[in-house]
Amino acid sequence: MRWTTLLLLVLSACEQSTPPVAVEPEPNIVTWTRSEIAPASITTLPTVIAEVNGGGLAVEDVDGDGDEDLLVATPGTMNTSGTLRLYRNQGRGQFLADPAMGFEGVQGWLTGLATADFDQDGHLDVVVGRLGTDLFLRGTPEGFSPPTELQGLGWTTSMAAADLDGDGDCDLLRVRYLEFDPIAPPPPATYKGIEVLGGPHGLTAEGDDILWNEPAGFRSEPLSGSPSYGLNAQVLDLNGDGQLDVLVGNDSQGNHAYLRQDDGWVERGAAIGLAGNGDGMGQATMGMAASDFNGDGQPDLFSTNFSADTNTFLESVGDGFFADRTAVRGLGVNSRPLLGWSAQFGDVDLDGDEDLLFVNGHVYPQATPNTMGSAWAQPAVLMLRSFNRFVRDETFPSPDEQGRLAVLFDADGDHDLDVVTVTRDGAVNLTTAATLSKRGQGCTMRFPDILRGRRVQITSGETTQVRWIPSGGGFQSSSPPVVHARVPSGSVVVQVDGLPAQTYEVASDPRSRSVIWDTSSTTKSTP
């Protein structure tokens, strides 16, 4: 009897000490409109692994007029060369191809894109990943100079520009996949009893490197991790020590996490819980995205993976370690039929927390729900945050397609987030958001390239939101050095790691809510 009474007292005390559950914020109303920028340009199905991943996408203000343009690399096939095209933003999210840009010299098997003002002459530069040698296009007042080849041979997939050594200019993290010879492609393989294209298993993986930006040009230095099937790259501070680290997502193998030390980087992916899922298994990491989900100021990391597996959400648990929280955050079982690619977090409904977008599509044209438990063409998915879970937004337009590349950005200048996607077969589509905000308005904040990868804290009143200035993450996709947040009118304090805070006044006009970081005190960034 005494033990029963004691147990009841303990349970009663626990119930009284449990804090009340917060009222869920009322979601803002978002109306989505999908439009075509360019139709599909590849009419053949993939027959070898090099035809699977798709091309490259970069969102940047190429012409310096204040809105974001699109650079799209079509990959090519076994019989055709890829192409690079610029789609200029005509204002209010209307994009038109610019055939006069002069990218005729950009040919070959084109993959990911990276953009930054690498030479700091005030003009945007572009790196084009390829199967073979990568290309560097130097920005000029008239456009871009003819492409030059960069050091190294291989199959580049994703890249990330960031000031990795703190010397005041952007270096380039470059991730590579595997050795592929178009003259002698690998033989077919078998998946679930069906003959499919061969790879990556059984093929030779390639190593990753950093292209250091030096006065004489770029200098390649290999990363120390074992060569793996690299598909993604992201630069950010993983352990809260104020230094930029490097995260590499690998296909069918453990991911690499390079932590910055005084004399370089040390690979610690398995030790800190970032190599794979909670079962310790390496996955097919295609897309990666970072958000401060649990409010501890440290990155929580989402990755997309192969079908019949789940996507993965690794949450910061303190002291630079991560734990698998996929199931409890609503991101597990519902992702099993999907094969995911590019992913990004962003506050699409302007309620103060970040939502999650990822695009999907199978690698095998033979895939059907009956044969492989997954379809060849698949929808993009937008997951809205609701309390401590994510729930799918059924209103988001998401036709079945061969999804590969995606970037969240403000396409039409109304300071909410829109979506551009590029499919494996080269179709470019824009999905714009019209957001009726009930408790605040969106704010766009632009930073110099040398701050890519840095954490940003945005404080208005008693509310602080955490973002990371993009440096990689989207599969073969590049975002501008811009963050978005819900900010009411008035003063906002913006704190970038390692730099003094700056205060700005944000207007109430929904089309005049931009912040441009004052670069007068930004000469170098701590590595």
Side-chain angles (χ1 to χ4, degrees), residues 111-120 125-138 147-179 204-239 241-250 253-271 274-275 288 449-454 471-473 476 478 524-527:
T111 54
L113 298 177
T115 57
D117 182 8
F118 290 99
D119 56 8
Q120 296 188 298
D125 307 310
V126 178
V127 179
V128 182
R130 294 197 305 174
L131 176 61
T133 57
D134 300 328
L135 300 178
F136 180 67
L137 283 70
R138 190 180 305 277
T148 58
E149 294 186 347
L150 294 174
Q151 280 186 333
L153 286 169
W155 177 354
T156 297
T157 52
S158 297
M159 297 175 284
D163 184 9
L164 292 167
D165 53 9
D167 65 352
D169 56 30
C170 273
D171 310 293
L172 186 69
L173 169 63
R174 187 166 57 173
V175 172
R176 288 195 157 132
Y177 195 35
L178 52 80
E179 294 182 6
T204 302
E206 294 183 323
D208 311 318
D209 69 348
I210 293 174
L211 291 177
W212 295 109
N213 192 350
E214 298 181 344
F218 288 107
R219 175 180 60 84
S220 172
E221 179 182 339
L223 284 167
S224 62
S226 58
S228 301
Y229 304 129
L231 286 177
N232 213 317
Q234 191 164 26
V235 174
L236 73 171
D237 181 2
L238 291 171
N239 55 6
D241 65 355
Q243 301 190 94
L244 291 180
D245 306 307
V246 167
L247 182 62
V248 175
N250 295 316
Q253 298 168 316
N255 297 331
H256 291 146
Y258 298 91
L259 303 184
R260 177 76 185 199
Q261 307 293 324
D262 292 339
D263 55 350
W265 281 274
V266 177
E267 203 291 300
R268 300 281 292 166
L274 289 180
M288 297 190 298
D449 283 321
I450 62 169
L451 297 184
R452 284 179 176 271
R454 291 283 158 196
S471 178
Q476 296 184 181
S478 174
K524 293 186 178 182
S525 60
T526 304

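A quick note: this is a predicted structure, and the numbers were derived from the prediction, not measured.
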Using the test salt bridge (Lys or Arg N to Asp or Glu O under 4.0 Å), find all partners of Asp241 that sit at least two apart in sequence or belong to another chain. none
Which residues share a side-chain hydrogen bond (donor to acceptor under 3.5 Å, both in side chains) with Ser471, sequence neighbours left out: none
Closest approach of Asp163 and Asp169, non-hydrogen atoms and distance? OD1-O, 2.9 Å
How would you list, by chain and number, every residue that makes a side-chain contact (heavy atoms from CB on, under 4.5 Å) with Ser478, sequence neighbours excluded? Ala58, Thr115
Testing the basics here: between Thr157 and Gly230, what is the closest heavy-atom pair and its distance to 0.1 Å? OG1-O, 3.0 Å
Distance (rounded to the nearest 0.5 Å) between Asn255 CG and Leu247 CG: 6.0 Å
Of all residues at least two apart in sequence or in a different chain, which pass the side-chain contact (heavy atoms from CB on, under 4.5 Å) check with Ala116? Phe118, Ala161, Cys170, Asp449
Which pair of heavy atoms, one from Asp237 and one from Gly242, lies closest together, and at what distance? OD2-N, 2.8 Å
Step by step, work out the side-chain contact (heavy atoms from CB on, under 4.5 Å) result for Ile450 and Gln120. CA-CA 10 Å; Ile450 62 169; Gln120 296 188 298; 4.1 Å; yes
Contacts of Gln261 meeting side-chain hydrogen bond (donor to acceptor under 3.5 Å, both in side chains) (sequence neighbours excluded), chain-then-number -> none
Residues two or more places apart in sequence or in another chain: which of them pass side-chain hydrogen bond (donor to acceptor under 3.5 Å, both in side chains) with Asp245? none
Compare every heavy atom of Arg452 with every heavy atom of Leu244, then report the nearest pair and how far apart it is. CD1-O, 4.0 Å
Report yes if the side chains of Leu211 and Asn213 come closer than 4.5 Å at any heavy-atom pair, otherwise no. no
Note, Trp155 side chain near Glu206 side chain (heavy atom, < 4.5 Å): yes
Nearest-0.5 Å distance, CG of residue Asp208 to CG of residue Asn250: 6.5 Å
Residues two or more places apart in sequence or in another chain: which of them pass salt bridge (Lys or Arg N to Asp or Glu O under 4.0 Å) with Asp125? none
With sequence neighbours left out, what residues match Ala233 under side-chain contact (heavy atoms from CB on, under 4.5 Å)? Ala160, Leu173, Val175
Who are the salt bridge (Lys or Arg N to Asp or Glu O under 4.0 Å) partners of Glu179, not counting sequence neighbours? none
Residue list, salt bridge (Lys or Arg N to Asp or Glu O under 4.0 Å) with Arg174, at least two apart or on another chain: Asp134, Asp209
CE (Met288) and CD (Gln234) are apart, to the nearest 0.5 Å, by 5.0 Å
Pairs touching residues 221-230 that satisfy side chain to side chain donor-acceptor pair (under 3.5 Å), sequence neighbours left out: Trp212-Glu221
If you take all heavy atoms of Phe218 and Gln151, which pair is closest and at what distance? O-OE1, 3.7 Å
Going through the checks in order, is the side-chain contact (heavy atoms from CB on, under 4.5 Å) test met by Glu149 and Leu135? CA-CA 5 Å; Glu149 294 186 347; Leu135 300 178; 3.9 Å; yes
Without swapping roles, check the side chain of Tyr258 against the backbone of Val248 for a donor-acceptor pair under 3.5 Å. no
So, Thr133 side chain and Leu150 main chain: donor-acceptor pair closer than 3.5 Å or not? no
Asn232: which residues meet the side-chain hydrogen bond (donor to acceptor under 3.5 Å, both in side chains) condition with it, sequence neighbours left out? none
List the atom of Arg130, the atom of Thr111, and the distance in Å for their closest heavy-atom pair. N-OG1, 3.4 Å
Check whether any side-chain heavy atom of Leu113 lies under 4.5 Å from a side-chain heavy atom of Val127, and answer yes or no. no
Heavy-atom distance under 4.5 Å between the side chains of Ile210 and Trp265, does that happen here? yes
Kindly indicate whether the side chain of Leu223, heavy atoms from C-beta on, has any atom under 4.5 Å from the side chain of His256. no
